[in-house]
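See below for the structure under consideration.
Note that the structure is predicted; figures quoted are calculated from it, not measured. Below, read A as the first sequence line, B as the second, and so on, with proteins coming before strands; counting in each chain starts at 1. Excluded from the calculations below are hydrogen atoms, water molecules and symmetry mates; all remaining heavy atoms, backbone and side chain alike, are included.
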Amino acid sequence: MVFIFPFLWMISTSLQTFEETLAFPPTWIPAWPQWINFVEAMRAGPFLTYARNSLIITFSIIILQFIVMIPAAYAFAKYKFAGKEIIFALVLLAFMIPGQVTFIPVYLMLAEWGVINSLLPQIIPFMANAFGIFLLRQYFMQIPQEIIESGRLDNASEFKIIMKIMIPMSMPALATIALFSFVSHWNDYFWPLVMTDSAQVRPLTMGIAMLRETEGISNWHIIMAGNVVLVVPILIVYLFASKQIVKAFVYSGIK
Amino acid sequence: MKKALSIVLLSMTMLSTLLAACTSGQPQQTTEPKSNPQSSTTAPTTPTGAGGKTTVQFWHSLGGKNGEYTDAMIKRFNASQDKIEVVGTFQGSYDETVTKLQQAVAAKTGPDVAMLERAYVQLFADSEVLEDMNPFLKKSGLSKDDFTAGLLGHSIFNDKLVSLPLNRSTPILHINKTMLDEKGLAVPKTWDELNKVANALVIKENGETKRYGYSMPYDTWYPIAMITQAKGKFFNDANTSIGFNNGEGVKVFKFLKDMQSTGALYYPPAQDSGNIVNQMFSSGKIGMMFQSTGVIGSLTDTAKFNYVTAFLPMDQVYANPTGGANVALMSNSKNKEAAWEFIRWTMTDPQGGLQFILDSGYLPFTKKMVESQQMKDLWAKQPNRKVAYDQLQYAVDTNKHVAWTQVMQEFNKAIQAIMYDNKNIEATLDTFKKETERIIKK
């Protein structure tokens, strides 16, 4: 109930009239659902463009992260090579530095490349996910060496081992990482604000921010309608991923 | 193999059905920005845009209705001539715009014209990134006297005209006149009267306050207003410390604490305080409030009672700070002439700033606007708006200092300690004074 409460309030507010949002004590059930609020919210900017950008950005990030993360985690978990500990310590270090520390140097570098104000600066800096590498390495380490050895005996290439053994066996971990990654980049506001200047390349969060009144009484019904649009994809992704995440816990319990 | 790979990628994202379409198109789409016409304008200072027009980038912080009015104004400008194309972009709140501007200036990706909250102007003026508009002003046959006097407090630094007013506001007293009339009370003009009226409005039932006398958002603006009303200054004249000794500062907070203890003052929680007090005022939970002129429009639309405005009550004198934002021309701009043309048009054309002010409810910032027929008609219809303008004759800008943003944070801490945690007023203000001196010395 505590978890659901803010959602219900958000949905309720998104369907109220302006007067109802101002009422005190608050209105719970709108007298007449105001679907027009959604139209109003969408009218405030090129919301289809925002939504398209949000999708491109988050999915590009997740896919690129997997391409970088899976081989890296595999190497850290199953290979012996010189400097492995040091490199892994560096990965953990990257995971510990907050984004606020790096955004100015990253901004200056990207400005130098001339890619500011496009989709690229919203994707490239997030290609490597240190947390994901760490989590996946732990998961890979639990997969018995014997399974990999038997794969090698059957003349499978390393690529095939990753695709046929490691990935299917670590689906729950991958789903968890994908979900975390999705939520944090889908909701990201600060980075796109800093990196972009035009509506053409901005994600949904920027569009929602524009709905807020600078001075005066905020139109909460419109803002909440925008937020419903923003949150619904997260709920959908969560529904798909939650089963896998539960499995992750069940599996680790068996061992 | 390629197909197998893409299938694996898809399944990894765990969104096989719904979002498959978006995902499979991914590799092409990530590279899209390269061929996208948008990326050709990556450097916002690109001199020419489509059709040989000079593009002027204008960064602003206006969302919601005011954002729409700003867009409409930019559209009117673009339609008024065929040489310049102004592109207005929303850059988040005033604070976020400042953050963006700071790094954009460093990376030379800044705009031509920027909206700056007036208290931040000095920060940028001091690092010399704002162009002196004096020569432009002269060339266009304008002078500083054309502007509303009370609004130029944050425009001139070291004899340079670094910004001009645009969307400016000031705090005023908003009153539920119906509530006062029921009790036969007059609109308060002094702190004493405010004290009496606010206390008379309080309704308590079973020890619970059902109605409060007055309120104000959690902000440094209102204590600063009251300090100046008590004839204090926020910074001293030498700019080495705070300018209010314990006399004025303690007086202000004692007054507020006394009122808070009886329910005469409702001091809202810090988070979203402006919206909270607005909503409580419009639903009749609060009789009066100190709040920006910026809410007059929405309160007029929503209040179901006789809603009037008045000057902030005086202690020793009438005094009030101003707020809102100015526009500045950036030194890095490659299109200063075109950018100035936009600023000039905004300041002087009836279709420019005047229309924006009429739409939004901000204060008219030039004498021409004040004298215009449209303004007079509006004031006749909505006298509440005229009160705000009239109060400008008492405007005092006391928080002008490069270190203001840091001092502001310390002042907020002091307000929190006093208003929320009932900390000793004298001791808290002493600590604040020491912190301020430490920040200024740096």
Mind telling me whether A:F59 and A:F182 have parallel, tilted or perpendicular rings, with 30° and 60° as the class edges?
tilted
Atom group of B:S169 that falls short of 4.5 Å from chain A, counting heavy atoms:
side chain
Using 0.5 Å steps for rounding, measure from the CG atom of B:N176 to the NZ atom of B:K285.
12.5 Å
With chain B as the partner, which of A:T196, A:L193, A:I222 has the greatest number of non-hydrogen pairs under 4.5 Å?
A:L193
To the nearest 0.5 Å, atom CG of A:L48 lies from atom CG of A:L204 at 9.5 Å
Under 4.5 Å to a heavy atom of chain A? For B:D272 that would be side chain
With under 30° as parallel and over 60° as perpendicular, where do the rings of A:F103 and A:F190 fit, or are they tilted in between?
perpendicular
Calculate, to the nearest 0.5 Å, the distance between atoms OG and CG belonging to A:S54 and A:L230 respectively.
7.0 Å
Greatest number of non-hydrogen atom pairs under 4.5 angstrom with chain A, of B:G67, B:G274, B:A104, B:S93, falls to B:A104
Is chain B contacted by the side chain of A:L211, its backbone, both, or neither, given a heavy-atom distance below 4.5 Å?
backbone
For the candidates B:K304, B:Q91, B:K65, B:Q103, which exhibits the highest count of non-hydrogen atom pairs separated by less than 4.5 Å from chain A?
B:Q103
With only heavy atoms counted, which part of B:S282 is less than 4.5 Å from chain A, the side chain, the backbone, both or neither?
side chain
Tell me whether the centres of the aromatic rings in B:F305 and B:F281 are closer together than 6.0 Å.
yes
Select, from B:G284, B:S292, B:G88, B:S360, the one with the greatest count of heavy-atom pairs under 4.5 Å involving chain A.
B:S292
Hey, could you give me the CH2/CE distance between B:W59 and B:M115, rounded to the nearest 0.5 Å?
13.5 Å
What part of A:S181 gets closer than 4.5 Å to chain B, counting heavy atoms only: side chain, backbone, both or neither?
neither
